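The structure appears below as structure tokens.
All values derive from a computational prediction rather than experimental measurement. FYI, side chains are in, hydrogens and waters are out, and symmetry mates aren't considered; it's all heavy atoms of this structure. Here is how names work: the chains are called A, B, and so on, in the same order as the sequence lines, proteins then strands, and each is numbered from 1.
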Protein chains: 2
Amino acid sequence: MNTEEEALNFVKYGHKQYLPHVAIDCVIFGYYDQQLKILLLRVKGHNSWALPGGFIQRREPLTQAAYRILQERTNLKDLFLQQFHTFGDSPFRVKETSAKEFADKFGLEVEENSWLLERTLSIGYFALVDYSKVTVTTDFFTDAYQWCDVSELPDLLFEHNDVVEKALLTLRLQIYHQPIGYNLLPEKFTLPEIHVLYETILGKELDRRNFPKKLLALGLIKKLNEQRPIGAHRSPFLYQFDKENYDKALQEGIVHAY
Amino acid sequence: MNTEEEALNFVKYGHKQYLPHVAIDCVIFGYYDQQLKILLLRVKGHNSWALPGGFIQRREPLTQAAYRILQERTNLKDLFLQQFHTFGDSPFRVKETSAKEFADKFGLEVEENSWLLERTLSIGYFALVDYSKVTVTTDFFTDAYQWCDVSELPDLLFEHNDVVEKALLTLRLQIYHQPIGYNLLPEKFTLPEIHVLYETILGKELDRRNFPKKLLALGLIKKLNEQRPIGAHRSPFLYQFDKENYDKALQEGIVHAY
DNA sequence: CAGCAATTGCGTAACAAATACGCAATCAAG
DNA sequence: CTTGATTGCGTATTTGTTACGCAATTGCTG
């Protein structure tokens with residue numbers, strides 16, 4: 001959806017291809033240079049920011065739609081992606097302005113009764129990516145993107161500030177129970193590397209000496225018999241996520257929760 | 001929606017009042033006589049069971065819609081109600097039969113292109129109620145109800161078996177972090193009462209002597225200086241949910257999770 | 001009224017998990 | 001070979017969880 005013709009077609013006839021009244025919004029956490037960021041897109045003509053999102057095709061499974069939308073924006077596949085909440089407590093399409101006014105700013109002729117202007121619930125998904133590997137694709141409705149620090153978010157469109165807050169909460173609660181580092185670290189990594197990753201995500205300090213014990217006790221990572229020279233200091237050992245053990249723990253964990 | 005005229009009106013023009021393509025489904029856990037049950041409705045003409053559900057009004061906040069739907073079926077207000085997942089991985093309205101065929105069984109003239117027959121995502125909520133206090137109201141589309149044991153569920157319509165499973169999982173995971181007993185026990189209760197409640201929900205035994213320590217340590221309940229005579233045995237003390245402390249713990253818990 | 005059965009209240013010991021922190025080993029630079 | 005910065009490893013302390021013993025209460029019974 002990059003040309004004006006495609007966009008116009010989408011506005012007029014999109015409801016034949018997509019389910020109206022429901023959208024998927026993605027909170028894409030990016031990690032690079034020891035910082036946690038969120039991908040925001042600037043909505044054309046509005047000078048406002050919003051989360052990447054999209055609609056569900058009429059015969060497309062929900063989970064598949066979420067992966068497709070994520071891939072369309074980041075050009076990445078096989079990511080960790082998880083649904084965390086569905087938002088719909090505001091009965092308006094857009095905050096503090098009429099839907100028509102909102103639409104006009106795109107410079108398109110949007111009819112008053114377009115499906116795009118109707119109330120739309122938002123199903124929230126979050127993902128974790130290494131943002132040095134992402135090539136962001138914008139479309140007709142967006143004209144810029146930025147990786148924004150979690151603590152410095154501007155006012156976002158729709159209910160997106162609530163969405164981000166809830167995503168962050170969910171991420172932090174699940175960090176020891178999901179293979180969250182998989183896509184953020186190289187296949188083999190050192191303890192200091194995964195240590196700063198977890199500190200960054202949780203936004204607090206974790207004891208350097210206790211931290212590895214916890215991950216090993218949970219069976220999330222395993223030690224390799226290799227080291228990586230890092231210059232002027234002692235060479236750290238390399239570690240790997242222990243997928244087998246993790247999958248096993250997941251099963252038992254669920255049983256244990258009963 | 002009890003008369004045929006109302007139902008026909010709903011089938012034909014419901015999409016003007018409600019958002020199509022999205023529904024709310026409620027897993028209503030009932031507790032009575034030390035048993036945990038789920039409320040099921042029988043769909044007219046189908047001899048099949050389904051969860052109580054409903055649609056969201058066009059200008060109604062999502063949370064409010066969930067409470068309204070719950071109240072319409074159970075005639076109860078002010079319940080513990082929580083969203084837990086949104087389901088949409090099956091792109092079909094109904095399993096293993098055409099939507100038209102499905103609709104015909106109601107004995108209504110449903111047009112092929114009715115909004116009701118289109119694909120519909122389901123937002124899952126669960127609630128906990130004392131089922132001796134519930135008076136179930138059925139409508140035109142349902143002709144019976146039952147409280148069904150969690151472990152003896154029949155094949156349900158739509159994706160409702162998955163919905164129940166996920167609800168149960170969520171309930172069990174959150175039982176020590178949400179005021180789950182509020183609506184299931186009298187305001188003042190004894191330790192043995194809340195003890196069997198928790199055992200029933202979790203489906204496993206909990207040590208009678210350690211259990212109160214945990215609840216008190218979490219600040220979920222507080223001891224009162226009253227006892228209740230229970231006949232042929234030692235009189236147990238009464239306890240109360242500690243709402244103040246719970247709200248405080250919730251805030252700190254969230255902070256601590258960072 | 002003493003003994004009994006059933007139940008509640010309370011405590012303590014054993015074990016496991018989380019936290020705090022000391023210190024030696026390693027590596028390159030000067 | 002000393003220094004500074006960093007990693008690896010260990011051990012004590014505290015906190016939380018689990019297992020389980022036993023006395024106190026209540027009404028019934030002989």
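To the nearest angstrom, P of C/dA17 lies 14 Å from NZ of B/K214. Spacing between atom CG of A/L206 and atom P of C/dA17 amounts to 19 Å, rounded to whole angstrom units. The CZ-P distance, from B/F211 to D/dA19, rounds to 15 Å in whole Å. For the pair B/L216 CG and C/dG11 P, the computed distance is 13 Å after rounding to whole Å. Between B/I221 atom CD1 and C/dG9 atom P there is a gap of 11 Å when expressed in whole angstrom units. Between A/L215 atom CG and D/dG8 atom P there is a gap of 13 Å when expressed in whole angstrom units. D/dA12 atom C1' lies 13 Å from atom CZ of A/R209, rounded to whole Å. We find that CG of A/L238 is positioned 13 Å from P of D/dT7, with the value rounded to whole Å.
Residue A/H233 has its side chain nearest to D/dT6 when only D/dT6, D/dA19, C/dT8 are considered. Counting only heavy atoms from C-beta on, B/I230 has its side chain closest to C/dT8 among C/dT8, D/dT18, C/dG9. Closest to the side chain of B/P192, from the set C/dA20, C/dT8, D/dT7, is C/dT8. The side chain of B/R208 approaches D/dC22 more closely than any other nucleotide in the set D/dG10, D/dT6, D/dC22. Comparing atom distances between the A/R234 side chain and each of D/dT6, C/dC21, D/dT25 picks out D/dT6 as nearest. The side chain of A/K213 sits closest to D/dG10 out of D/dG8, D/dG10, D/dT26.
The local environment of OH in B/Y32 is sparse, with at most 12 non-hydrogen atoms from other residues, nucleotides or ligands closer than 6.0 Å.
A residue-by-residue look at B/T190 and A/A232 shows that B/T190 has its nearest nucleotide of DNA chain C further toward the 5' end. Positionally, the nearest nucleotide of DNA chain C for B/Q227 lies more toward the 5' end than for the other of A/D207 and B/Q227.
The aromatic rings of A/F29 and A/F126 stand perpendicular to each other, their planes meeting at an angle above 60°, with 30° marking the opposite boundary.
In this structure, A/K214 is positioned above the aromatic face of A/Y176, its NZ or CZ under 6.0 Å from the six-membered ring centre and within 45° of the axis.
Among the heavy atoms of the strands lying under 4.0 Å from A/S235 are primed sugar atoms or P, OP1, OP2 only; no base atom is included.
A salt bridge does not link B/E244 to B/K222: none of the charged nitrogens lies less than 4.0 Å from a carboxylate oxygen.
Within the 4.0 Å cut-off from OP1 or OP2 of C/dT8, not a single side-chain nitrogen or oxygen of B/K223 is found.
The ring of A/Y67 has its center no closer than 6.0 angstrom to the ring center of A/Y125.
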